[in-house]
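One structure is given below, encoded as structure tokens.
Residue numbers begin at 1 in each chain, while the letters A, B, ... track the order of the sequences.
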Number of protein chains: 2
Amino acid sequence: MEEEKKLINVRNNKEYHCPVEAALDVIGGKWKPLILWQLKETEVIRYNRLQQNLHGVSPRMLTKQLRELEEDGLVNRKMYPEIPPKVEYSLTEFGKTVSPIIEALCDWGAEYLERQCTLNKKE
Amino acid sequence: MEEEKKLINVRNNKEYHCPVEAALDVIGGKWKPLILWQLKETEVIRYNRLQQNLHGVSPRMLTKQLRELEEDGLVNRKMYPEIPPKVEYSLTEFGKTVSPIIEALCDWGAEYLERQCTLNKKE
DNA sequence: CGGAATCCCGGGAGATACTG
DNA sequence: CAGTATCTCCCGGGATTCCG
């Protein structure tokens, strides 16, 4: 009786065994949490500024991640038809629902670092 | 005045610009959140059971992730000197502090999937 | 049973250069 | 300014085999 609830993502037809997997697909990885953190902090941000604040990201990667976030409905992309071009990114309403998680991640990371520091002094 | 606070992880001497990065190093990646979710759900779990529940993970990867979690103080490894061997994994007290984040991730993932489903019906 | 060791491959991701 | 395009390389990680 291997009764298992199947979870399916209708966007890409991916199958999951646990909602955590789905969440990781959407907001996981090396850059997305940092992008989301930036967007949460600044409300609205331009491409170049974003790249500067995400130390070491290549334009290729940044664009890729932003497109995915956009497709998943977390991020707005607003383009101004000017020269030179100007593009602003911001969180959608749905995108804002991840902010508590990012903040929790940030808090936990800070505690972790502090703990590491404490442990190091003791030994 | 590029005044930037540097965050250093004393364990591996890595440098971060934001605590989120540190958190991702410790509990990020493809498997760790799922491992932590399993440990949170079952309290104590043996290696084999863990591998079965994490669909598709290779022993190599599972062991690697578990060792890292152990080194970071999130996971206990208890070995019974028997034949056949028996090894049990569980969360440390510090490891339990990530449970809220994992749960939040799970809840958010479920909402995301539901949202995708709703959007799909509309169009 | 719970791993360790070895081999090996694909593609994720960096570097660089270019463009509307 | 905000991205593409192309090339390349490295290594994450799967498969397999073996061990205490």
Side-chain angles (χ1 to χ4, degrees), chain A residues 12 14-17 21 24-36 38-39 42-72 74-91, chain B residues 12 14-17 21 24-36 38-39 42-72 74-91:
Chain A
N12 52 17
K14 269 200 184 178
E15 220 174 84
Y16 306 111
H17 301 92
E21 291 180 74
L24 290 175
D25 259 9
V26 181
I27 64 177
K30 184 176 179 182
W31 298 113
K32 284 180 183 175
L34 296 173
I35 293 173
L36 293 169
Q38 276 294 317
L39 290 174
T42 60
E43 196 84 21
V44 166
I45 193 170
R46 296 181 63 175
Y47 184 90
N48 253 15
R49 170 69 60 98
L50 197 48
Q51 188 180 5
Q52 291 159 14
N53 291 2
L54 269 60
H55 311 259
V57 70
S58 67
R60 172 187 175 76
M61 268 303 104
L62 181 55
T63 300
K64 184 163 173 284
Q65 306 303 311
L66 284 170
R67 290 291 187 280
E68 290 180 12
L69 289 171
E70 200 188 345
E71 193 185 353
D72 278 319
L74 304 192
V75 162
N76 281 319
R77 180 174 181 272
K78 186 170 185 181
M79 214 182 140
Y80 298 85
E82 312 170 353
I83 293 190
K86 175 177 170 183
V87 179
E88 287 178 345
Y89 291 93
S90 59
L91 289 177
Chain B
N12 52 18
K14 270 201 182 177
E15 220 174 83
Y16 305 111
H17 302 91
E21 290 180 76
L24 289 176
D25 258 8
V26 181
I27 64 177
K30 184 177 178 182
W31 297 113
K32 285 180 184 174
L34 296 173
I35 293 174
L36 293 168
Q38 276 294 317
L39 290 174
T42 60
E43 195 84 21
V44 166
I45 194 169
R46 295 182 62 176
Y47 184 89
N48 254 14
R49 172 67 62 99
L50 196 49
Q51 187 180 7
Q52 290 160 17
N53 291 1
L54 268 63
H55 309 258
V57 70
S58 68
R60 172 188 174 77
M61 268 303 104
L62 181 54
T63 300
K64 183 162 172 285
Q65 306 303 309
L66 283 170
R67 290 290 187 281
E68 291 180 13
L69 289 171
E70 200 188 343
E71 193 184 354
D72 278 319
L74 304 192
V75 162
N76 282 319
R77 180 173 182 271
K78 185 169 184 183
M79 216 184 140
Y80 297 86
E82 311 171 351
I83 293 189
K86 175 177 169 182
V87 179
E88 287 180 346
Y89 291 94
S90 60
L91 289 177

Look at the side chain of B:Pro84 and decide which nucleotide, out of C:dC1, C:dG14, D:dG3, has an atom nearest to it. C:dC1
Touch check for B:Arg49, heavy atoms < 4.0 angstrom, all strands: base, sugar-phosphate only, or nothing? nothing
Tell me whether the OP1 or OP2 atom of C:dG2 has a side-chain N or O from B:Lys64 closer than 4.0 Å. no
Can you measure B:Leu54 atom CG to C:dG3 atom P for me and round it to whole angstrom units? 14 Å
Where the side chain of A:Arg46 is defined as all heavy atoms beyond and including C-beta, which of D:dA2, D:dG3, C:dG14 is the nearest nucleotide? D:dA2
Take atom NZ of B:Lys86 and atom P of C:dC1, then tell me their distance rounded to the nearest Å. 13 Å
Measure the shortest side-chain to side-chain distance between A:Glu15 and A:Glu21 over non-hydrogen atoms and say whether it is less than 4.5 angstrom. no
Work out which heavy atom in B:Asp25 is nearest to a heavy atom in B:Lys32; give both atom names and the distance. O-NZ, 3.5 Å
A:Met61 side chain, from C-beta outward: closest of C:dG2, C:dA13, D:dA2: C:dA13
What nucleotide, of D:dG3, C:dG20, D:dG20, holds the atom closest to the side chain of B:Pro85? D:dG20
Rounded to whole angstroms, how far apart are NZ on B:Lys78 and C1' on C:dG3? 20 Å
Rounded to the nearest angstrom, tell me the gap between atom CD in B:Glu82 and atom C1' in C:dG2. 12 Å
Compare all side-chain heavy atoms of B:Glu68 with those of B:Glu71 and state whether any distance is below 4.5 angstrom. no
Mind calculating the distance between CD (B:Gln51) and P (C:dA4) to the nearest angstrom? 13 Å
Could you tell me whether B:Tyr89 contacts a base, only the sugar-phosphate backbone, or nothing, with contacts defined as non-hydrogen atoms closer than 4.0 Å? sugar-phosphate
From C:dT6, D:dT4, D:dT6, pick the nucleotide closest to the side chain of A:Arg60? D:dT6
Report the nucleotide, chosen from C:dG3, D:dG3, D:dC1, that has the shortest atom-to-atom distance to any side-chain atom of B:Arg77. C:dG3
Can you label the angle between the A:Tyr47 ring and the A:Tyr89 ring as parallel, tilted or perpendicular, going by 30° and 60°? tilted
What is the separation between atom CG on B:Leu66 and atom P on C:dC1, rounded to the nearest whole Å? 17 Å
Rounded to whole angstrom units, what separation is found between the CG atom of A:Leu62 and the C1' atom of C:dG14? 14 Å
Which whole-number value in Å describes the distance from A:Ile83 CD1 to D:dA2 P? 13 Å
Could you check whether any side-chain heavy atom of A:Asn53 comes within less than 4.5 Å of a side-chain heavy atom of A:Ile45, counting everything from C-beta outward? yes
